[in-house]
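Both counts, for ligands and for their atoms, begin at 1 and track the order of listing. The chain is numbered in sequence order, starting from 1. All figures in this text were calculated on a predicted structure; none of them were measured in a lab.
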Amino acid sequence: MGSELTQGLWRLFGKENVIATDIKGPEGILEGGDFEILDVLKQEKLSSLIQKNKFTQIYHLAAVLSATGEKNPKLAWHLNMDGLINVLDASVEYKVEKVYWPSSIAAFGPTTPKIKTPQDTIMDPTTIYGISKQAGERWCEWYFKNKGLDVRSLRYPGLIGYKSKPGGGTTDYAVDIFFKALTEKKYECFLKPDTYLPMMYMDDAVKATLNLMEAPAEKINERASYNVSAMSFCPAEIAAEIKRKIPEFQISYNPDFRQAIADSWPRSINDSAARIDWGWEPDFGLEEMTIEILANLPGELKMINP
Ligand code: AKB
């Protein structure tokens, strides 16, 4: 998401007005722009970077995702929570105009209504990642109400792109499957074939994020986080969609610990609040996304393994 969002910000504000940061790199597309090595847990470096550059907006994406978080719970909590609070604090201190921070469908849990999950409903996450997202939403709302910080958030579904490998989540199968379909014509899925999950193509995630941040403040009624949606599908359906383009593609199933995580998440999302408040509308369904990825990923793979 980081590199794709950076490209979106380059288009919106000009490359010269955007600085991307990460604890390593820059890699791939980010090599073309301003970049700083930054560990968001290092508060002094974070503050001096904000003070020196007088940032007007910050997009804080650093997080340990669901699957990796279950293996490193303390690290996940420390990075996901202290990283966020460091950014919120420094943004108040240096009068940053707007802050963006992503929540996730992982903030929902086993007793959350699974079909068309409402904007405001039961949230009983079962993963450390999900617990950190639920807590983070409350912190964002607290900083808005008590510190007047214009912080905004979206509950991302599983995000699918082709410009970078997935990063330790449960929806990662829907990214991996494209890489394997093109390189090995087969894929072993770690979820059951009929596991429905809300998903979104990366271009729609960038569009939703920038539309939210560009909307007038008085339109932003949800100061915890907005549900956003584009499509829901299961491994059997995306495999069938890929097979329409790559007839020899074979999928097999070997569910692991991530199945329990997926089973605790919604099947589909009600995002009417985002549509009403700031005009959210996705552009990509499963078919459009599959055509786009299968058209562009080969070129990307050539760049990765020339
Ligand atoms: C994950 O699978 O952990 C993430 C998410 C849904 O937030 N992709």
Side-chain angles (χ1 to χ4, degrees), residues 1-5 59-73 75-77 79-81 83-84 100-110 112 114 117 123-137 140 153-179 189-192 195-206 208-209 212 224-235 238 255-271 274 282 284 286 289 293:
M1 176 72 190
S3 40
E4 318 243 0
L5 182 60
Y59 294 74
H60 171 51
L61 306 177
V64 174
L65 300 186
S66 57
T68 309
E70 291 309 280
K71 296 203 176 111
N72 314 280
L75 168 71
W77 184 254
L79 175 64
N80 295 4
M81 295 324 299
L84 170 62
Y100 176 75
W101 171 80
S103 182
S104 161
I105 55 170
F108 297 121
T112 302
K114 287 198 178 314
T117 298
M123 300 175 84
D124 56 342
T126 58
T127 63
I128 297 301
Y129 171 66
I131 296 166
S132 74
K133 289 301 182 185
Q134 183 185 27
E137 290 189 15
C140 289
S153 176
L154 298 175
R155 289 177 187 144
Y156 288 141
L159 299 184
I160 304 162
Y162 62 85
K163 293 183 185 162
S164 45
K165 280 284 181 99
T170 300
T171 57
D172 291 9
Y173 88 86
V175 177
D176 256 345
I177 194 170
F178 286 103
F179 283 82
C189 186
F190 56 73
L191 296 181
K192 292 180 190 160
T195 307
Y196 277 85
L197 287 168
M199 298 284 192
M200 185 178 282
Y201 183 48
M202 198 58 83
D203 289 24
D204 270 337
V206 171
T209 309
L212 174 77
S225 192
Y226 273 100
N227 280 5
V228 274
S229 174
M231 55 187 141
S232 286
F233 57 76
C234 63
I238 188 169
D256 66 15
F257 74 99
R258 288 165 282 192
Q259 185 65 48
I261 298 175
D263 290 342
S264 75
W265 289 351
R267 299 276 167 276
S268 60
I269 298 286
N270 174 333
D271 60 0
F284 291 83
L286 178 55
M289 173 186 75
I293 294 180

Is the Tyr100 ring parallel, tilted or perpendicular to the Tyr156 ring (thresholds 30°, 60°)?
tilted
Out of Pro157, Ser66, Ser103, who gets a non-hydrogen atom closest to atom 1 (C) of ligand 1?
Ser66
For Trp265, atoms of ligand 1 separated by under 4.0 Å from a heavy atom
1 (C), 2 (O), 3 (O), 6 (C)
Can you find an N/O atom of Asp172 closer than 3.5 Å to an N/O atom of ligand 1?
no
Those atoms of ligand 1 less than 4.0 Å from some heavy atom in Leu65
3 (O)
Selected option - heavy-atom contact closest to atom 6 (C) of ligand 1, from Pro102, Pro166, Ala174, Ser104:
Ser104
Taking atom types as modelled and ignoring hydrogens, do the side chains of Gln259 and Thr195 form a donor-acceptor contact shorter than 3.5 angstrom?
yes
Set out, in order, the CA-CA distance, both residues' side-chain angles and the distance that settles side-chain contact (heavy atoms from CB on, under 4.5 Å) for Phe284 and Met200, then state yes or no.
CA-CA 8 Å; Phe284 291 83; Met200 185 178 282; over 6 Å; no
Please check whether Tyr156 reaches ligand 1 - meaning an N/O of the residue sits under 3.5 Å from an N/O of the ligand, judged on distance alone.
no
Using only heavy-atom distances, determine whether the side chains of Thr170 and Ser66 contain a donor-acceptor pair under 3.5 Å.
yes
Among non-hydrogen protein atoms, atom 8 (N) of ligand 1 lies closest to Thr171 OG1, 2.9 Å
Are side-chain heavy atoms of Asp176 and Pro166 found at a separation under 4.5 Å?
yes
Tell me, which protein residue and heavy-atom name are nearest atom 2 (O) of ligand 1, and how many Å apart are they?
Thr170 N, 2.7 Å
Asn227 side, atom CG; Phe108 side, atom CZ - distance, nearest 0.5 Å:
4.5 Å
